[in-house]
Amino acid sequence: MERKVLVSRVFDAPIENVWKLWSDPELIKQWWGPDKFTCPVAEIDFKVGGISKVCMVSKELGFGESYSIWQYTKIQPYTSIEFIQNLANKDGIKQKPVDLGMPPDFPTDVKTVVTLKSLDNNKTEMTVLEDADFGQISKFAQMGMEQCFTKMRVTLNL
Amino acid sequence: MNLRRDVFQAIADPSRRAILLLLASQSMTAGAIAANFDTARPTVSKHLLILTECELIDQEQKGREVYYHFNPKKLKEITGWCEQVKDLWDGRLNQMDKLLKKMKSK
């Protein structure tokens with residue numbers, strides 16, 4: 001059972017520009033909504049303890065306004081950004097995923113770590129790790145579970 | 001006792017994970033499953049009940065025997081969150097890539 005999501009990409013851009021993608025609200029509005037989505041709201045309070053609010057919506061996919069808040073726990077300039085993601089209402093108040101129509105096992109607190117690394121030729125590697133807190137399961141159980149499901153996936157070609 | 005549990009609680013138990021692994025390779029009766037464990041038969045039955053209630057396994061009556069099947073659809077459902085998040089981020093990284101190219105040409 002995976003409960004962590006890791007994505008990583010090498011951008012042909014200097015680290016300063018990649019950093020700006022996370023601190024400048026006008027830029028965040030241009031990427032928080034993936035393809036077919038838009039991001040009409042990005043209120044950014046980029047400091048430790050600060051809370052940012054972002055919204056994504058897709059008319060095309062019939063996906064209504066979905067607000068998230070990011071509470072920053074650690075910011076190391078040009079190196080890493082850590083924040084807790086929560087689903088929220090339009091006032092930026094944390095909501096229970098179930099109340100927003102999500103399945104009961106949708107995680108509430110999602111710890112997110114963004115890491116930047118300068119590479120040769122002015123390229124930058126960025127990694128985003130989402131670590132969901134599914135509550136009630138002990139670390140030990142999770143470890144066993146991961147092994148178990150890896151095996152199952154092999155068996156079932158999931 | 002309330003036996004309705006959520007899926008995560010169901011798979012947090014090592015015996016239940018072992019049962020799922022057994023059933024992932026073949027359908028079995030409760031007796032055949034219990035033969036793989038040292039625990040008492042009623043304990044195994046309780047595990048099977050919990051797994052059935054979470055729809056991680058299904059029951060099928062074949063003559064006098066009840067066979068248990070693993071339900072991979074439910075497992076896909078739990079891994080669904082990770083896949084959705086990954087898709088969202090892939091989309092966002094593409095947007096970022098375009099954005100950075102624009103910033104560069106300015």
Side-chain angles (χ1 to χ4, degrees), chain A residues 1-14 16-18 20-22 27-28 30-37 39 56 85 97 102-107 110 112 122 124 126 128-130 132 134-138 140-142 144-145 147-149 151-158, chain B residues 4-27 47 50-51 53-57 69-106:
Chain A
M1 176 58 215
E2 280 174 53
R3 58 191 250 302
K4 290 183 183 178
V5 177
L6 183 89
V7 291
S8 156
R9 182 87 50 111
V10 174
F11 294 114
D12 187 10
E16 292 79 10
N17 285 4
V18 180
K20 253 190 240 164
L21 291 179
W22 289 94
L27 293 175
I28 291 172
Q30 293 179 65
W31 68 255
W32 176 249
D35 201 25
K36 293 178 183 159
F37 280 82
C39 170
M56 64 174 192
Q85 275 190 74
M102 298 295 175
D105 41 22
F106 194 92
V110 180
T112 309
N122 238 0
T124 305
M126 186 186 82
V128 179
L129 173 72
E130 284 204 9
F134 286 109
Q136 83 252 77
I137 316 171
S138 70
F140 180 75
Q142 278 165 12
M145 216 156 57
Q147 288 168 359
C148 170
F149 283 104
K151 277 192 215 159
M152 272 192 198
R153 240 179 256 137
V154 173
T155 317
L156 297 160
N157 286 324
L158 288 176
Chain B
R4 276 201 67 82
R5 314 283 169 108
D6 74 34
V7 174
F8 291 101
Q9 213 169 336
I11 55 182
D13 182 276
S15 307
R16 290 198 283 272
R17 290 199 301 272
I19 292 173
L20 285 177
L21 269 182
L22 275 175
L23 293 177
S25 50
Q26 58 177 324
S27 302
H47 288 321
I50 292 168
L51 290 169
E53 292 209 342
C54 307
E55 296 168 17
L56 280 165
I57 60 175
H69 306 275
F70 174 59
N71 177 12
K73 236 170 79 187
K74 193 70 189 178
L75 184 66
K76 274 191 179 167
E77 227 172 81
I78 4 177
T79 55
W81 177 79
C82 293
E83 271 151 36
Q84 280 171 27
V85 171
K86 208 165 162 50
D87 285 350
L88 277 176
W89 276 110
D90 278 339
R92 286 180 188 134
L93 296 180
N94 291 340
Q95 299 293 106
M96 287 180 171
D97 205 24
K98 281 185 218 160
L99 207 51
L100 288 165
K101 280 187 180 128
K102 255 200 274 173
M103 285 161 80
K104 204 178 182 181
S105 59
K106 263 181 199 167

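Sequence lines set the chain letters: A, B, ... in the order given, protein chains first and strands last, and positions in each chain run from 1. Since the structure is predicted, the reported quantities are computational estimates derived from the model, not experimental observations.
For A/K36, no part lies under 4.5 angstrom from a heavy atom of chain B. In this structure, chain A has heavy atoms under 4.5 Å from both the backbone and the side chain of B/L88. For chain B, the nearby parts of A/L27 are the backbone and the side chain; heavy atoms of each come within less than 4.5 Å.
Contact annotation: the side chain of A/V7 never approaches that of B/R92 to less than 4.5 Å [non-hydrogen atoms, C-beta and beyond].
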>> Does A/M126 form a side chain to side chain contact (heavy atoms under 4.5 Å, CB included) with A/L21? I'd like the steps, not just the answer.
In response: CA-CA 11 Å; A/M126 186 186 82; A/L21 291 179; 5.6 Å; no

>> side chain to side chain contact (heavy atoms under 4.5 Å, CB included) for B/K102 and A/Q30? Distances and angles first, verdict last.
In response: CA-CA 12 Å; B/K102 255 200 274 173; A/Q30 293 179 65; 3.4 Å; yes

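A salt bridge does not link B/K86 with B/D90: none of the charged nitrogens is closer than 4.0 Å to a carboxylate oxygen.
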